[in-house]
**Student:** 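Just passing along the structure, written as structure tokens.
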There are 2 protein chains.
Amino acid sequence: MVQYSRKLDSTFGALADPIRRGILERLGKSDAGITELADAFDITPTGLKKHVGVLEEAGLVTTEKVGRVRRCSLGPRRLEDETAWIDEYRRTLEDRLDRLGEFLERTKEKR
Amino acid sequence: MVQYSRKLDSTFGALADPIRRGILERLGKSDAGITELADAFDITPTGLKKHVGVLEEAGLVTTEKVGRVRRCSLGPRRLEDETAWIDEYRRTLEDRLDRLGEFLERTKEKR
């Protein structure tokens, strides 16, 4: 449970940045090198590497040194737990709205 | 687009903490006061207020002063955009896996 919770912390944290979400969208199409990604997002390779580090930490990206280039590709995580958490939360909200609706119906009947 | 992106930043950032996710789950059941929430999560009211501030900033929680108590309830945001982003990302991944599968099939046929 604690481990599940930590995983959600690092993934949601990793997703809380437009460049990091952009990197994931870009790598969804094909693998890419650090310089290529830095150019695409108009930031320095050092800045790009930091973002990739956060994504790697969260298991969303993996990197591999190929000759002189570091290739980035999507990691093993597929955001299943994050989807599950959001779905569960939205279900709670809908249940609550349903109960509110029923309450209003009953109030109307009594009038 | 930039505004949409900023909204995702603040929501994913707000979700990147177990206490903040816990507060949302708790408020999904019913509204609650600051002291009540602080007791439930075993932190100081000051610490709790900071977390509520982050959730309020992201539109996930609203607070209202009722007499001497500050009541917290769920805000207007329902995480639709966050779900949409994650869904779109997972779709990209599935497309890519499908293409990889087709490629492997074709390679097998040639053998």
Side-chain angles (χ1 to χ4, degrees), chain A residues 1-32 41 51 54-55 57-61 73-100 103, chain B residues 1-32 41 51 54-55 57-61 73-100 103:
Chain A
M1 188 60 200
V2 170
Q3 196 164 14
Y4 167 77
S5 185
R6 263 192 222 133
K7 208 160 65 172
L8 286 181
D9 289 2
S10 68
T11 328
F12 281 134
L15 295 179
D17 183 281
I19 291 185
R20 290 199 289 268
R21 290 194 302 276
I23 293 170
L24 290 178
E25 288 164 5
R26 171 64 190 76
L27 294 179
K29 286 169 200 149
S30 69
D31 297 354
F41 293 98
H51 284 305
V54 175
L55 291 166
E57 195 79 19
L60 296 169
V61 162
S73 52
L74 289 178
R77 303 227 31 236
R78 292 292 177 263
L79 304 182
E80 289 90 350
D81 298 333
E82 292 69 22
T83 314
W85 189 87
I86 291 183
D87 283 351
E88 180 62 38
Y89 176 68
R90 296 184 66 179
R91 220 165 6 243
T92 311
L93 296 188
E94 276 156 29
D95 285 353
R96 208 182 160 190
L97 286 177
D98 286 349
R99 287 205 307 276
L100 182 66
F103 171 77
Chain B
M1 187 60 200
V2 170
Q3 197 164 13
Y4 168 76
S5 186
R6 262 193 224 133
K7 210 160 64 171
L8 286 181
D9 289 2
S10 68
T11 328
F12 282 133
L15 295 179
D17 183 280
I19 292 185
R20 290 199 290 268
R21 288 194 303 275
I23 294 171
L24 290 179
E25 289 164 4
R26 170 64 191 76
L27 295 179
K29 286 169 200 150
S30 69
D31 297 353
F41 293 99
H51 284 305
V54 175
L55 291 166
E57 195 79 20
L60 296 170
V61 161
S73 52
L74 289 177
R77 303 227 30 236
R78 292 293 178 263
L79 304 182
E80 289 90 349
D81 298 333
E82 292 68 22
T83 313
W85 189 88
I86 290 184
D87 284 350
E88 180 62 37
Y89 176 68
R90 296 185 67 179
R91 216 157 18 235
T92 311
L93 295 188
E94 276 156 28
D95 286 353
R96 209 182 160 189
L97 286 177
D98 286 349
R99 286 205 308 275
L100 183 66
F103 171 77

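In the text below, chain A, chain B and the rest are named by the order of the sequence lines, each starting its count at 1.
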**Student:** Return the minimal non-hydrogen interatomic distance between A:Lys29 and B:Thr92, and the atom names on each side.
**Tutor:** N-CG2, 4.4 Å
**Student:** Is there a donor-acceptor pair closer than 3.5 Å between any side-chain N or O of B:Arg21 and the backbone N or O of A:Trp85?
**Tutor:** no
**Student:** Pick whichever of A:Thr11, A:Leu24, A:Asp17 has the most heavy-atom pairs under 4.5 Å with chain B.
**Tutor:** A:Leu24
**Student:** What distance do A:Asp9 atom CG and B:Arg20 atom CZ have between them, rounded to the nearest 0.5 Å?
**Tutor:** 9.0 Å
**Student:** Taking every heavy-atom pair that is under 4.5 Å apart, which of B:Ser30, B:Ala14, B:Ser10 has the most such pairs with chain A?
**Tutor:**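 Highest number of heavy-atom pairs under 4.5 Å: B:Ser30.
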**Student:** Sequence neighbours left out, what passes side chain to side chain contact (heavy atoms under 4.5 Å, CB included) with A:Ser73? Give chain and number order.
**Tutor:** A:Asp31, A:Thr62
**Student:** Give, for atom OH of A:Tyr89 and atom CG of B:Leu74, the distance between the pair rounded to the nearest 0.5 Å.
**Tutor:** 4.0 Å
**Student:** Residues in salt bridge (Lys or Arg N to Asp or Glu O under 4.0 Å) with B:Glu25, at least two apart?
**Tutor:**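 Not a single residue meets the salt bridge (Lys or Arg N to Asp or Glu O under 4.0 Å) criterion with B:Glu25.
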**Student:** Please identify, among A:Ile86, A:Asp95, A:Leu27, A:Leu15, the residue contributing the most non-hydrogen atom pairs under 4.5 Å to chain B.
**Tutor:** A:Leu15
**Student:** First locate atom CG of B:Leu79, then atom CZ of A:Arg90, and finally report the distance between them rounded to the nearest 0.5 Å.
**Tutor:**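 Output value for this atom pair is 7.0 Å.
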**Student:** For a quick test of reading the model, state the closest non-hydrogen atom pair linking A:Pro18 to B:Ser5 and the distance between them.
**Tutor:**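 Residues A:Pro18 and B:Ser5, closest heavy atoms: CB-OG, 3.3 Å.
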**Student:** Quick one: what part of A:Glu88 sits under 4.5 Å from any heavy atom of chain B, side chain, backbone, both or neither?
**Tutor:** neither
